[in-house]
**Student:** 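Here it is, the structure, as structure tokens.
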Amino acid sequence: MGRILSVDYGKKRTGIAVTDPLQIIANGLVTVVTSDLFDFLRAYVQKEDVERIVVGKPTQLNGKPSENLPRVENFVNRWRKAVPQIPIEYYDERFTSSLAQQALLASGVKKKARRENKGLVDEISATIILQDYMQSKRAL
């Protein structure tokens, strides 16, 4: 059984989370500059056993695509062509950024620290996407 990796794709930064090898726990991994994302993931899957990648699908509250969706689709299509042996799929990411912000507030992270480390929100968002994805699969 391989890990599941999740991606909260952003215009500038992308949060990444990953499960343990038994797919029990989701943990934040890192936030990378989006322009480096493809190379980072290729290197990661070469050294770790990754079963699949889950990408947050940016959708507005009304269900319509957000402005970031074309960028995400370009990334997903590029991945599918370059690394077809590792499936990549979408998962609804609505509310993950606000949930990540709430988690940071609840954990006591000071405003200054939140402002200085914006990537932390992206990493937590990726973790929330992965946790929700894992829960949805267990419910089946």
Side-chain angles (χ1 to χ4, degrees):
M1 182 178 276
R3 298 175 187 270
I4 300 173
L5 193 137
S6 72
V7 173
D8 180 35
Y9 192 97
K11 188 175 183 179
K12 295 179 184 177
R13 293 177 314 275
T14 297
I16 301 171
V18 67
T19 66
D20 61 292
L22 297 176
Q23 299 179 9
I24 298 170
I25 298 171
N27 288 302
L29 181 63
V30 70
T31 300
V32 298
V33 175
T34 299
S35 60
D36 298 336
L37 175 63
F38 198 86
D39 292 336
F40 174 86
L41 290 178
R42 282 194 90 152
Y44 188 84
V45 301
Q46 286 177 355
K47 61 184 179 187
E48 294 289 340
D49 181 18
V50 175
E51 181 178 302
R52 75 180 47 253
I53 297 174
V54 177
V55 178
K57 185 174 185 179
T59 309
Q60 297 176 29
L61 293 179
N62 62 8
K64 294 187 178 181
S66 80
E67 61 145 284
N68 197 35
L69 184 60
R71 287 187 282 274
V72 174
E73 289 175 330
N74 285 338
F75 167 74
V76 168
N77 290 334
R78 183 176 170 209
W79 182 266
R80 285 179 174 153
K81 287 178 187 164
V83 191
Q85 67 274 20
I86 300 177
I88 188 167
E89 63 183 276
Y90 293 106
Y91 192 78
D92 187 356
E93 72 169 23
R94 282 181 280 190
F95 305 112
T96 56
S97 292
S98 59
L99 289 171
Q101 289 282 5
Q102 290 173 9
L104 281 173
L105 287 171
S107 68
V109 176
K110 303 287 183 215
K111 187 175 186 177
K112 182 179 180 187
R114 291 192 312 264
R115 220 182 4 246
E116 291 173 354
N117 190 357
K118 292 182 181 181
L120 188 55
V121 171
D122 301 317
E123 189 177 321
I124 293 171
S125 293
T127 306
I128 293 169
I129 291 167
L130 187 51
Q131 287 173 330
D132 287 354
Y133 174 83
M134 289 167 47
Q135 240 175 354
S136 74
K137 295 301 177 189
R138 287 184 189 126
L140 295 178

**Student:** Quick one: does any side-chain atom of Thr59 pair with a main-chain N or O of Lys57 as donor and acceptor, under 3.5 Å?
**Tutor:**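 At least one qualifying donor-acceptor pair exists.
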**Student:** With no hydrogens and no angle check, is any side-chain donor or acceptor of Asp20 less than 3.5 Å from a backbone partner on Ile25?
**Tutor:** yes
**Student:** Do the non-hydrogen side-chain atoms of Tyr90 and Glu73 ever get within less than 4.5 Å of each other?
**Tutor:**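 Contact flag for Tyr90/Glu73 side chains = yes.
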**Student:** Can you confirm whether Asn74 sits close enough to Arg71 that some side-chain heavy atom of one is under 4.5 Å from a side-chain heavy atom of the other?
**Tutor:**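 Side chain of Asn74 against side chain of Arg71, heavy atoms only: no contact under 4.5 Å found.
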**Student:** Tell me, please, which residues at least two apart from Arg42 pass salt bridge (charged side-chain N to carboxylate O under 4.0 Å, His left out).
**Tutor:** none
**Student:** Is there a side-chain contact between Glu51 and Gln23 (heavy atoms, below 4.5 Å)?
**Tutor:** yes
**Student:** So which atom in Pro58 and which in Gly56 form the shortest heavy-atom distance, rounded to 0.1 Å?
**Tutor:** CD-O, 3.3 Å
**Student:** Using only atom types and a distance under 3.5 Å, with no angle test, would you say the side chain of Thr34 pairs donor to acceptor with the backbone of Lys12?
**Tutor:**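 Yes; judged by distance alone, with no hydrogens or angles, the pair exists.
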**Student:** Once ring pair (Phe, Tyr, Trp, His ring centres under 6.0 Å) is applied, do any residues pair with Phe40, and if so which ones, sequence neighbours excluded?
**Tutor:** none
**Student:** What residues, two or more places apart in sequence or in another chain, satisfy side-chain contact (heavy atoms from CB on, under 4.5 Å) together with Thr127?
**Tutor:**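 In terms of side-chain contact (heavy atoms from CB on, under 4.5 Å), with neighbours along the sequence ignored, Thr127 is linked to Ala17, Ala26, Gln131.
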**Student:** Got a donor-acceptor contact below 3.5 angstrom from the Tyr91 side chain to the Asp132 backbone?
**Tutor:**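 Side chain of Tyr91 to backbone of Asp132, a donor-acceptor pair under 3.5 Å: yes, one is there.
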**Student:** In sequence, state the C-alpha distance, the side-chain angles, and the governing distance for Glu123 and Leu29, and then conclude on side chain to side chain contact (heavy atoms under 4.5 Å, CB included).
**Tutor:** CA-CA 7 Å; Glu123 189 177 321; Leu29 181 63; 5.7 Å; no
**Student:** Are the side chains of Trp79 and Val55 in contact, using a 4.5 Å heavy-atom criterion?
**Tutor:** no
**Student:** Check whether any side-chain N or O of Asn68 sits under 3.5 Å from a backbone N or O of Tyr9 as a donor-acceptor pair, and report yes or no.
**Tutor:** yes
**Student:** Closer than 3.5 angstrom, by distance alone: can the side chain of Arg3 be matched with the main-chain N or O of Thr19 as a donor-acceptor pair?
**Tutor:** yes
**Student:** Which heavy atom in Ser6 sits nearest to a heavy atom in Ala126, and how many Å separate them?
**Tutor:** OG-O, 2.6 Å
**Student:** Grab the two heavy atoms, one from Val32 and one from Leu37, that are nearest each other, plus how far apart they are.
**Tutor:**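 Between these two residues, the closest heavy atoms are CG2-CD1, 3.9 Å.
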**Student:** Should Val7 and Leu41 count as side-chain neighbours, where that means a heavy-atom distance under 4.5 Å?
**Tutor:**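 Side-chain contact under 4.5 Å: yes.
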